[in-house]
Q: 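Can you keep this structure in mind? I'll have questions shortly.
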2 protein chains.
Amino acid sequence: MERLEDPPDVVIRRLPLYARSLRYLLDEGINSVSSQELGERINVTAAQIRKDLSYFGEFGKQGIGYDVEKLFNHIERILGLTQSWPVVLVGVGHLGQAIARYDGFHSQGLQIVGLFDTDPLKIGQKVADVEICAYAHMPQVIHDTNARLAIVAVPASDAQPVADILIDAGIRAILCYAPIILQTPDDVWVRYIDPVAVLHSMTYYLAREHM
Amino acid sequence: MERLEDPPDVVIRRLPLYARSLRYLLDEGINSVSSQELGERINVTAAQIRKDLSYFGEFGKQGIGYDVEKLFNHIERILGLTQSWPVVLVGVGHLGQAIARYDGFHSQGLQIVGLFDTDPLKIGQKVADVEICAYAHMPQVIHDTNARLAIVAVPASDAQPVADILIDAGIRAILCYAPIILQTPDDVWVRYIDPVAVLHSMTYYLAREHM
DNA sequence: CGCATTCTGTGAAGTGTAGCACTAAGTTCC
DNA sequence: GGAACTTAGTGCTACACTTCACAGAATGCG
């Protein structure tokens with residue numbers, strides 16, 4: 001029986017990992033998988049996978065497991081990945097360029113449709129076939145492309161004003177690489193990528209080894 | 001009274017955010033802060049900050065709050081950031097170069113002491129004053145520099161063998177940018193940076209708006 | 001100098017998530 | 001075709017984390 005409750009956010013965050021693992025299984029030509037096997041690949045317990053999926057329906061067969069392709073398609077549909085999502089990227093420094101050039105976005109339904117920077121020398125140039133524009137063009141591009149997703153790869157000092165412009169222009173979800181917590185309205189989703197903080201949390205454990 | 005229990009990992013993960021926010025406060029010339037004010041800056045409740053800190057001691061003054069510099073130094077000490085940590089980086093593509101060139105690592109106690117790649121054209125070149133070496137040199141460099149931290153920025157297909165080499169050479173903590181879950185011994189810490197998965201978890205919510 | 005105010009540290013209560021363990025359903029093989 | 005085996009879905013339990021709410025400590029002000 002299908003559940004009535006909304007799936008918790010932790011579950012939503014795991015879905016992309018399930019989807020990716022299933023994609024790899026497909027590439028390997030494996031077309032059936034049990035929760036046990038899938039769990040071993042991504043270091044999650046079998047029970048957790050089954051419970052997570054149960055928020056969305058019943059996708060497996062008892063005694064067999066899951067049809068890889070069918071489950072993959074289901075999860076893509078749940079995540080809204082049957083369509084391609086336009087994304088704008090603000091900040092075309094080393095990191096921004098690396099992101100713009102990474103084809104992992106494009107192949108996974110994320111199309112970079114706008115690049116923005118403040119550097120006059122960069123404006124007008126192209127990276128990965130997309131022209132770099134001034135901040136002033138953000139609202140227009142976001143409107144024209146109907147982008148709802150943005151990646152912020154600017155220095156910490158610029159991130160908040162950039163986020164304000166983006167949100168004002170209609171962006172509803174931000175992936176922020178700047179080392180700062182953004183202040184945003186409740187109806188905007190913000191997630192952070194913060195390698196320095198992650199490394200610092202690991203130095204805690206390393207410093208405690210052999211003590 | 002100091003607590004006896006080990007602080008949970010979620011707490012450890014928040015400490016770097018506290019430290020960073022305190023650093024910004026210092027830069028602003030603010031030298032006293034309440035848990036309330038600190039919490040508003042990083043979107044965490046005041047109670048959570050106080051409870052988190054209570055795992056490590058008593059750092060505040062009732063009626064006053066926390067001395068910014070003292071608390072900052074305490075957290076740095078807890079995280080083991082009174083020393084600089086040598087880090088090796090494997091994979092010097094666009095992303096690897098962006099990481100190697102980012103001075104946010106160096107200024108935060110993370111010194112990149114080794115760069116490795118398989119591309120013969122890259123080997124021998126320097127990025128940010130560090131020479132790119134072949135994989136074969138990894139054990140030697142890790143031994144010589146006493147590195148315990150590694151960043152993996154190679155394609156998914158190379159990540160597992162690279163991790164195996166690193167761990168074998170003495171690396172104890174890995175920050176993995178490759179879109180794959182690494183299989184590692186229990187005494188090695190692994191964290192992932194996975195922008196595509198993060199964006200995919202947000203498309204879930206965007207796809208459900210106006211429904 | 002004492003009362004109102006501010007703010008920490010923490011036991012207790014509340015919340016949310018993960019894992020267990022069982023039922024039921026499907027498969028395989030003899 | 002039936003016995004042994006595999007595995008999904010799920011109620012329940014246990015645990016871990018967060019939040020509440022209050023006691024105690026420091027300050028300021030009238």
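As the structure is a prediction and not an experimental result, all values here were calculated from the model. Chain identifiers are assigned alphabetically (A, B, ...) following the order of the sequence lines, protein sequences preceding nucleic acid strands; residue numbering begins at 1 within each chain.
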Q: Can you confirm if the NZ or CZ of B:Arg20 lies within 45° of the ring axis of B:Tyr18 and under 6.0 Å from the centre of its six-membered ring?
A: no

Q: Is any NZ, NE, NH1 or NH2 atom of the basic residue among B:Arg191 and B:Asp9 found under 4.0 Å from an Asp or Glu carboxylate oxygen of the other?
A: yes

Q: Looking only at side-chain N and O atoms, does B:Tyr66 come under 4.0 Å of OP1 or OP2 in C:dT6?
A: no

Q: Going by the rule side-chain hydrogen bond (donor to acceptor under 3.5 Å, both in side chains), which residues pair with A:Gln160 if we only count those two or more places apart in sequence or in a different chain?
A: A:Asp164

Q: Any carboxylate oxygen within less than 4.0 angstrom of a Lys/Arg side-chain nitrogen, looking at B:Asp52 and B:Arg13?
A: no

Q: Between P on C:dG19 and CG on A:Asp52, what's the gap in Å once rounded to a whole number?
A: 10 Å

Q: Measure from CG on B:Asp9 to C1' on C:dT17 and round the result to the nearest Å.
A: 16 Å

Q: Collect all protein-nucleotide pairs involving nucleotides 1-3 of chain C in which both atoms are nitrogen or oxygen and the distance is under 3.5 Å.
A:
none

Q: In whole angstroms, how far is the C1' atom of D:dG9 from the CG atom of A:Leu53?
A: 10 Å

Q: Tell me, please, which residues at least two apart from A:Ser21 pass side-chain hydrogen bond (donor to acceptor under 3.5 Å, both in side chains).
A: none

Q: Using heavy atoms to find the nearest nucleotide of DNA chain C for B:Val33 and A:Thr45 separately, return the residue whose nucleotide is more 5′.
A: B:Val33

Q: If every non-hydrogen atom of B:Val90 is compared with every non-hydrogen atom of B:Val154, which pair is closest and at what distance?
A: O-CG1, 3.5 Å

Q: Does B:Glu58 pair with B:Lys70 as a salt bridge, N-O distance under 4.0 Å?
A: no

Q: Tell me, please, which residues at least two apart from A:Gln36 pass side-chain hydrogen bond (donor to acceptor under 3.5 Å, both in side chains).
A: A:Glu40

Q: Starting from P on C:dG16, measure out to CG on A:Asp6 and report it in whole angstrom.
A: 12 Å

Q: Side chain of B:Val10 only, please: which of C:dG9, C:dG19, D:dC17 is the nearest?
A: D:dC17

Q: When you check the phosphate oxygens OP1 and OP2 of D:dC17, does a side-chain N or O of B:Tyr55 lie under 4.0 Å from one of them?
A: no

Q: Whole Å only: how far is the CZ atom of B:Phe56 from the C1' atom of C:dT8?
A: 17 Å

Q: Strictly under 4.0 angstrom, non-hydrogen atoms only: write out the protein contact profile of nucleotides 24-30 of chain D, one letter per nucleotide from the 5' end, B, S or -.
A: BBSS---

Q: Tell me: CG of B:Leu38 to P of C:dG9, nearest whole Å?
A: 12 Å

Q: When the distance from NE2 of A:His74 to P of D:dA8 is rounded to whole Å, what number comes out?
A: 15 Å

Q: Do any side-chain nitrogens or oxygens of B:Arg50 fall under 4.0 Å of OP1 or OP2 in C:dT8?
A: yes

Q: For A:Tyr177 and A:Ala153, work out which heavy atoms get closest and say how close.
A: CB-CA, 4.3 Å

Q: Which of these nucleotides, D:dT10, D:dT19, C:dG9, is closest to any side-chain atom of B:Glu58?
A: C:dG9

Q: Give me, pair by pair, the N or O atoms of the protein and of nucleotides 12-14 of chain C that are less than 3.5 Å apart, along with how far apart they are.
A:
unit_1	atom_1	unit_2	atom_2	d
C:dA12	N6	B:Lys51	NZ	3.1

Q: Given C:dT8, is OP1 or OP2 found less than 4.0 Å from the side-chain N or O atoms of B:Ser35?
A: yes

Q: Applying the side-chain hydrogen bond (donor to acceptor under 3.5 Å, both in side chains) test to A:Arg23, which of A:Glu69, A:Glu28, A:Gln108 qualifies?
A: A:Gln108

Q: Would you kindly give the CG-to-C1' distance between A:Leu71 and D:dG9, to the nearest whole Å?
A: 14 Å

Q: Parallel under 30°, tilted from 30 to 60°, perpendicular over 60°: which one fits the rings of B:Trp189 and A:Tyr205?
A: parallel

Q: Can you identify which nucleotide, out of C:dT8, D:dT19, C:dA18, has its nearest atom closest to the A:Gln48 side chain?
A: C:dA18

Q: Between the main-chain N or O of A:Ile112 and the side-chain N or O of A:Trp85, is there a donor-acceptor pair closer than 3.5 Å?
A: no

Q: Considering only C:dG19, C:dT17, D:dT10, which nucleotide approaches the side chain of A:Pro8 most closely?
A: C:dT17

Q: For C:dT17, does either OP1 or OP2 sit under 4.0 Å from a side-chain N or O belonging to A:Arg13?
A: no

Q: Of the non-hydrogen atoms in A:Pro16 and B:His200, which two are nearest, and what is the gap between them?
A: CG-CB, 3.9 Å

